[in-house]
Undergrad: 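Dumping the structure here so I can ask a few things about it.
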Protein chains: 2
Amino acid sequence: MASIREVAKLAGVSPATVSRVMNGTAKVDDEKRERVLQAISDTGFVPNAVARSLFKKSARIIGLIIPSITNPFFTQMASAIEKAADEQGYRLIFCNTGTDLEKEKASLTMLESMNADGIILTTSHEEIESYVNQCKVPVIVTDRLFKENKDYNHVHCDHYTGGRLAMEHLLDCGCKKIVCVKGPQQISSAKARYDGYRDVCEEKQVQEYTIDCDYDFNEGLVMTEQLLNQYPDVDGIIACNDMVALSIYKILRKNNIEVPEQIQLIGFDGIYLSNLLTPELTTIAQPIEEIGRKAAELIIHKEENDMGEKEYIFKPALVVRQTTKKKGEGE
Amino acid sequence: MASIREVAKLAGVSPATVSRVMNGTAKVDDEKRERVLQAISDTGFVPNAVARSLFKKSARIIGLIIPSITNPFFTQMASAIEKAADEQGYRLIFCNTGTDLEKEKASLTMLESMNADGIILTTSHEEIESYVNQCKVPVIVTDRLFKENKDYNHVHCDHYTGGRLAMEHLLDCGCKKIVCVKGPQQISSAKARYDGYRDVCEEKQVQEYTIDCDYDFNEGLVMTEQLLNQYPDVDGIIACNDMVALSIYKILRKNNIEVPEQIQLIGFDGIYLSNLLTPELTTIAQPIEEIGRKAAELIIHKEENDMGEKEYIFKPALVVRQTTKKKGEGE
DNA sequence: AGCTAGTTTGAAACCGGTTTCAAAGAACGA
DNA sequence: TCGTTCTTTGAAACCGGTTTCAAACTAGCT
């Protein structure tokens with residue numbers, strides 16, 4: 001409530017001096033400093049962040065544009081971003097897009113007009129590119145690339161290798177007929193994962209079986225029924241992400257199919273949920289927290305980084321748990 | 001980038017006129033309006049939100065202070081808040097506290113200095129009260145009350161009735177030895193739930209069995225082992241929330257105990273996860289989205305509301321799914 | 001003492017919209 | 001035609017910190 005001018009008046013100095021005491025931007029006479037500090041504590045003065053950010057052109061804010069706040073993958077990433085941001089006095093603004101392009105655009109301009117210091121964007125639309133280009137605020141693209149070429153700061157995981165790891169693991173486990181539940185192929189991560197699967201199929205001279213599915217739990221329920229119809233003798237399933245893996249598991253159990261005895265199942269992402277369930281899900285884990293932290297750091301330390309079209313790729317890791325098992329091995 | 005003064009110069013009018021055209025706050029000559037609109041579109045002018053909020057003393061921001069962004073209960077609530085906020089052009093700022101009192105305080109002052117229009121707070125500390133009182137920004141307390149008396153705007157669920165419903169349901173199902181996994185009793189919701197359980201015990205002349213546990217998955221794992229040791233003949237468990245119920249289920253399965261055949265299990269909250277798992281969890285569901293929406297609306301329409309010490313209580317509902325079953329009934 | 005160099009300090013401009021207030025212009029009646 | 005009232009418009013103040021710039025003061029040297 002109190003303003004810097006009131007504090008200044010009370011301390012018998014100018015607003016400039018109060019500002020200097022608060023920020024340590026210049027030397028202030030000891031006796032005056034004491035009076036200022038006293039006045040600040042007497043009035044309970046808290047500097048107005050809006051006024052400061054108007055002048056500084058920085059609101060110490062990071063914008064996070066993601067498809068959904070309830071999706072565990074994004075909340076885990078968000079949590080890591082929030083942690084890194086909070087440590088440096090930055091705040092997070094959440095923008096839920098539901099993958100709606102118009103909302104993505106609106107969030108971009110809105111965050112820019114709020115003097116955000118940077119934006120972390122997970123998009124599903126190539127068309128967003130021109131808007132990202134116009135944006136004066138640095139944009140870090142995470143998880144999903146929206147361009148084949150590397151003109152932007154990308155932080156993501158090597159999904160292609162992930163796809164290979166998943167397939168190789170199921171083959172290792174002795175599966176003969178492995179179905180890949182492909183995610184939406186316009187999303188780069190889904191496509192790369194499938195590419196990895198397909199390349200292993202080719203290399204190992206194994207027949208490829210696929211089914212299309214959204215990155216969505218409910219969609220997974222429907223597609224699994226269809227999968228079982230289409231491939232009744234399937235013995236291994238690669239889900240496009242962990243949430244879909246959960247829905248697949250649910251339908252398998254509903255059909256009294258034992259996992260991993262009859263069908264083995266592997267997910268993608270390594271969200272914390274994959275570890276909580278019974279049974280625990282075998283999955284290709286991304287270092288979600290590291291991705292989030294890296295993205296936040298790129299913005300927070302943008303002065304040190306040149307912010308020039310870089311790509312940061314993390315390695316996925318196979319995490320073997322309870323939904324896969326080498327055939328012939330006992331408990 | 002362009003400022004309102006540049007737009008004004010280009011259109012040959014004053015900044016005031018540009019402002020009036022944008023906001024429709026006063027009549028502007030048709031021909032001038034056209035010139036202004038043209039200049040806006042030529043320059044791609046987007047008004048700076050910070051400058052506006054400095055004058056308006058409103059940043060069209062809602063602060064959300066919660067213990068964790070990854071906890072599904074809070075993300076579901078947050079999602080509903082975000083939706084209601086977005087519809088009215090408000091943005092959400094997330095503050096993760098990890099139940100740390102200092103972080104709660106810091107978030108409160110920070111949000112106030114950002115000219116936030118309101119704050120939605122889920123706290124675990126009574127001590128926060130004096131800070132909430134000092135806050136000029138309206139604070140809505142959700143989920144957990146921090147005072148017995150009702151001096152604040154509270155939006156929450158009738159946890160006491162929830163506790164009763166859970167216990168009555170397990171009795172209905174024929175359970176004889178029902179253990180209540182009590183949540184942290186300094187948190188009002190946990191206490192109310194336990195009170196409900198206890199009162200039903202008294203009324204029905206049933207022996208009360210309890211075990212203490214945090215609202216936390218990992219804690220649940222440990223406490224369940226202890227529970228099985230302490231009450232080997234338990235046949236019904238009331239978990240303090242759904243996440244703890246998941247962990248209880250995990251340990252029960254690890255001990256080869258069938259649910260619901262040997263032990264019946266009921267959770268609390270009705271997070272969407274409770275429905276995704278296999279088996280689906282019987283739970284006492286809160287109307288999480290309604291709670292979030294109500295809290296957001298109280299802030300967005302604060303002018304219409306008198307904002308004077310009101311309490312909004314929602315009713316919980318028993319959702320019977322697969323972890324409970326009336327004894328003696330077949331599939 | 002007189003002069004220069006260095007330090008502390010406050011007045012005022014600034015950030016970029018918004019709003020007030022009074023002036024200028026339009027419309028209308030006498 | 002003149003006066004009155006109503007409308008449109010822009011100059012300037014405002015929101016509340018921050019920073020510049022020059023004045024005032026201190027210290028050090030001749």
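Bear in mind that the values here come from a model prediction, so they are computed numbers and not experimental data. To find a chain, count down the sequence lines: A is the first, B the second, and so on, and within it residues start at 1.
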Undergrad: Which of these nucleotides, D:dG16, C:dT18, C:dG17, is closest to any side-chain atom of A:Ala51?
TA: D:dG16
Undergrad: How close or far is atom P of D:dG17 from atom CE of B:Met114, stated in whole angstroms?
TA: 15 Å
Undergrad: A:Lys136 NZ to C:dC15 P: how many Å, rounded?
TA: 18 Å
Undergrad: Report the distance from atom CG of B:Asn115 to atom P of D:dC15, rounded to the nearest whole Å.
TA: 13 Å
Undergrad: Within this structure, what is the CD1-to-P distance between B:Ile4 and C:dC15, rounded to whole angstrom?
TA: 15 Å
Undergrad: If you take atom types as modelled and just measure distance, does the side chain of B:Arg52 reach the base of C:dG16 with a donor-acceptor pair under 3.5 Å?
TA: no
Undergrad: Given C:dT18, is OP1 or OP2 found less than 4.0 Å from the side-chain N or O atoms of B:Asn23?
TA: yes
Undergrad: Can you see whether A:Thr70 engages B:Gln76 through a side-chain donor-acceptor pair at a distance of less than 3.5 angstrom?
TA: no
Undergrad: Let me know the distance between CG of A:Asn48 and P of D:dT18, rounded to the nearest Å.
TA: 10 Å
Undergrad: Return yes if the base of C:dG10 and the side-chain atoms of A:Arg20 contain a donor-acceptor N/O pair under 3.5 Å, otherwise no.
TA: yes
Undergrad: Select from A:Ser19 and B:Ser14 the residue whose nearest nucleotide in DNA chain D is closer to the 5' end of that strand.
TA: B:Ser14
Undergrad: Between C:dT9 atom C1' and A:Arg35 atom CZ, what is the distance in whole Å?
TA: 12 Å
Undergrad: Can you tell me if B:Arg144 uses its side chain to pair, donor with acceptor, with the backbone of B:Ile187 under 3.5 Å?
TA: no
Undergrad: Contact between A:Val21 and A:Leu37 at the side-chain level, heavy atoms closer than 4.5 Å - yes or no?
TA: yes
Undergrad: Categorize A:Val18 for me: base, sugar-phosphate, or nothing, with a 4.0 angstrom heavy-atom threshold over every strand shown.
TA: nothing
Undergrad: Just call it for A:Val50: base, sugar-phosphate, or nothing, with non-hydrogen atoms closer than 4.0 Å on any strand.
TA: nothing
Undergrad: Is it the case that atom NZ in A:Lys105 sees more than 12 heavy atoms from other parts of the structure closer than 6.0 Å?
TA: yes
Undergrad: Report the residue (B:Lys56 or A:Ala16) whose heavy-atom-nearest nucleotide on DNA chain C is the more 5′ of the two.
TA: A:Ala16
Undergrad: Mind calculating the distance between CZ (A:Phe55) and C1' (C:dA13) to the nearest angstrom?
TA: 9 Å
Undergrad: Are any of B:Lys57's side-chain N or O atoms less than 4.0 Å away from OP1 or OP2 of C:dT18?
TA: no
Undergrad: Both B:Thr17 and B:Leu54 contact DNA chain D. Which one's nearest nucleotide lies toward the 5' end?
TA: B:Thr17
Undergrad: With a sphere of 6.0 Å drawn around CD of A:Glu126, does it hold more than 12 non-hydrogen atoms of other residues, nucleotides or ligands?
TA: no
Undergrad: Would one find a side-chain N or O of B:Lys32 under 4.0 angstrom from OP1 or OP2 of D:dT9?
TA: yes
Undergrad: Mind calculating the distance between CG (B:Asp29) and C1' (D:dT7) to the nearest angstrom?
TA: 11 Å
Undergrad: Looking for any heavy atom pair under 4.0 Å, which part of the strands does A:Val13 touch: base, sugar-phosphate only, or nothing?
TA: sugar-phosphate
